[in-house]
Visitor: 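Shown below is the structure under consideration.
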Amino acid sequence: MGCAISGLAAKSEFAEKTSEDAAAAAYPSEDQIQMIKDSWKVIRDDIAKVGIIMFVRLFETHPECKDVFFLFRDVEDLERLRTSRELRAHGLRVMSFIEKSVARLDQLDRLEALALELGKSHYHYNAPPKYYSYVGAEFICAVQPILKERWTAELQEAWKTMFQFVTSLMNQGYQEESARQRQLALSPKERPDKRNTAL
């Protein structure tokens, strides 16, 4: 569809982070934060449109992502997706998360808590971390035409940095919840007894 970040490029530029990489994921600089906030003022006027474009593009470039979405799993007609109320609603939820992330860029603790919780909830939706980076790439492709001449390589790098940071935290939250659920699945005899560790 013409966006250099989309499709295969997303795999290398927004590559899934390991747990060691998550801790090292760059936090946007003050200049990048300001660029993101300034551009968001323009983007937010079209959030429903961006959400739909982002997910339709996601399903075009990564059709395997539809498997995570029960409602869209068997929909092959992209026009039907574009007019889907359910897709619009999900797109708006994702855009709301992006808006909250942008608002918390100056409040690292709150941003971290938000992204970790979203990662934990995605464990329960059976939405594995390998898909998170694709959303960032498709968001960037969807907002370029909206921002027109305001779009620069520096702005793209700022948004990319933010998404890599947030998705690394989501991945961490997903892994923490996965480990917690595995622990809960153990029988009481198999669980390490934390009360009896001292001799």
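No hydrogens, no waters, no symmetry mates; every other heavy atom, side chains included, goes into these values. Numbers for residues simply follow the sequence, beginning at 1.
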Visitor: Check V68 against P128 and note the closest heavy-atom contact, atom names and distance.
Guide: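 So the two residues come closest at CG2-CD, 4.3 Å.
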Visitor: How about R88: does its CZ atom have over 12 heavy atoms from other parts shown lying under 6.0 Å from it?
Guide: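 Atom CZ in R88 is not crowded, with 12 or fewer foreign heavy atoms closer than 6.0 Å.
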Visitor: Any idea how H122 and Y125 line up, ring-wise: parallel (<30°), tilted (30 to 60°), or perpendicular (>60°)?
Guide: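 Ring orientation, 0 to 90° scale: perpendicular.
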Visitor: Heavy-atom count around K66 NZ within 6.0 Å, excluding the residue itself: above 12?
Guide: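 For K66, atom NZ is crowded (more than 12 foreign heavy atoms under 6.0 Å).
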Visitor: Between CH2 of W159 and CD1 of I43, what distance do you get to the nearest 0.5 Å?
Guide: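 Rounded to the nearest 0.5 Å, the CH2-CD1 separation comes out at 4.5 Å.
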Visitor: When rounded to the nearest 0.5 angstrom, what distance separates CD in E117 from CD in E177?
Guide: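 Spacing of CD (E117) from CD (E177) equals 8.5 Å.
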Visitor: Should R150 and D38 be marked as a salt bridge (Lys or Arg N to Asp or Glu O under 4.0 Å) after you check the CA-CA gap, both sets of side-chain angles, and the distance that decides it?
Guide: CA-CA 10 Å; R150 292 182 184 98; D38 289 344; over 6 Å; no
Visitor: Identify which one of I52, L92, I98, V94 satisfies the side chain to side chain contact (heavy atoms under 4.5 Å, CB included) criterion when paired with I47.
Guide: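 For I47, the side chain to side chain contact (heavy atoms under 4.5 Å, CB included) test succeeds with only one of I52, L92, I98, V94, which is L92.
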Visitor: Which is it for F163 and S133 under the side-chain contact (heavy atoms from CB on, under 4.5 Å) test, yes or no, and what are the steps along the way?
Guide: CA-CA 7 Å; F163 273 105; S133 61; over 6 Å; no
Visitor: Using the side-chain contact (heavy atoms from CB on, under 4.5 Å) rule, take Q34 and D31 through it: C-alpha gap first, then chi angles, then the decisive distance, then the call.
Guide: CA-CA 5 Å; Q34 193 56 53; D31 287 343; 5.8 Å; no
Visitor: Tell me whether the rings of Y27 and F165 are parallel (<30°), tilted (30 to 60°) or perpendicular (>60°).
Guide: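 Y27 and F165: perpendicular rings.
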Visitor: So that I can tick it off, tell me whether R57 and E60 are bridged by a salt bridge, with the cut-off set at under 4.0 angstrom between side-chain N and carboxylate O.
Guide: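 Salt bridge between E60 and R57, a charged N being under 4.0 Å from a carboxylate O: no.
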Visitor: Hey, could you give me the CG/OG distance between L155 and S39, rounded to the nearest 0.5 Å?
Guide: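 Going from the CG atom of L155 to the OG atom of S39 covers 4.5 Å.
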Visitor: Quick one: does any side-chain atom of H90 pair with a main-chain N or O of E86 as donor and acceptor, under 3.5 Å?
Guide: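 Looks like no, no N/O pair under 3.5 Å.
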Visitor: Please report the C-alpha distance between Q172 and E176 in whole Å, then the side-chain angles of each, then the deciding distance to 0.1 Å, and finally whether the side-chain hydrogen bond (donor to acceptor under 3.5 Å, both in side chains) criterion is met.
Guide: CA-CA 6 Å; Q172 180 183 336; E176 287 174 8; 3.1 Å; yes
Visitor: Carefully, step by step, assess D45 and I146 under the rule side-chain contact (heavy atoms from CB on, under 4.5 Å).
Guide: CA-CA 10 Å; D45 291 337; I146 292 168; over 6 Å; no
Visitor: List the atom of A115, the atom of L169, and the distance in Å for their closest heavy-atom pair.
Guide: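 Shortest heavy-atom separation between A115 and L169 comes out as CB-CB, 3.6 Å.
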Visitor: If you count every heavy atom of other residues, nucleotides or ligands that lies below 6.0 Å from K100 atom NZ, does the total exceed 12?
Guide: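 No, because the 6.0 Å sphere around NZ of K100 holds 12 heavy atoms or fewer from other groups.
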Visitor: Checking side-chain polar atoms at under 3.5 Å, does R182 have a donor or acceptor matched by the opposite partner on S178?
Guide: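 The answer is yes; a qualifying pair exists.
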Visitor: Please answer whether the main-chain N or O of F97 pairs with a side-chain N or O of S101 as donor and acceptor at a distance below 3.5 Å.
Guide: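 Yes, S101 side chain to F97 backbone: donor-acceptor pair under 3.5 Å.
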Visitor: Using side-chain contact (heavy atoms from CB on, under 4.5 Å), reason through F55 and E138 one step at a time and then give a plain yes or no.
Guide: CA-CA 8 Å; F55 276 98; E138 298 307 336; over 6 Å; no
Visitor: Once you round to the nearest 0.5 Å, how far does CH2 of W40 lie from CE of M162?
Guide: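 Between atom CH2 of W40 and atom CE of M162 there are 8.0 Å.
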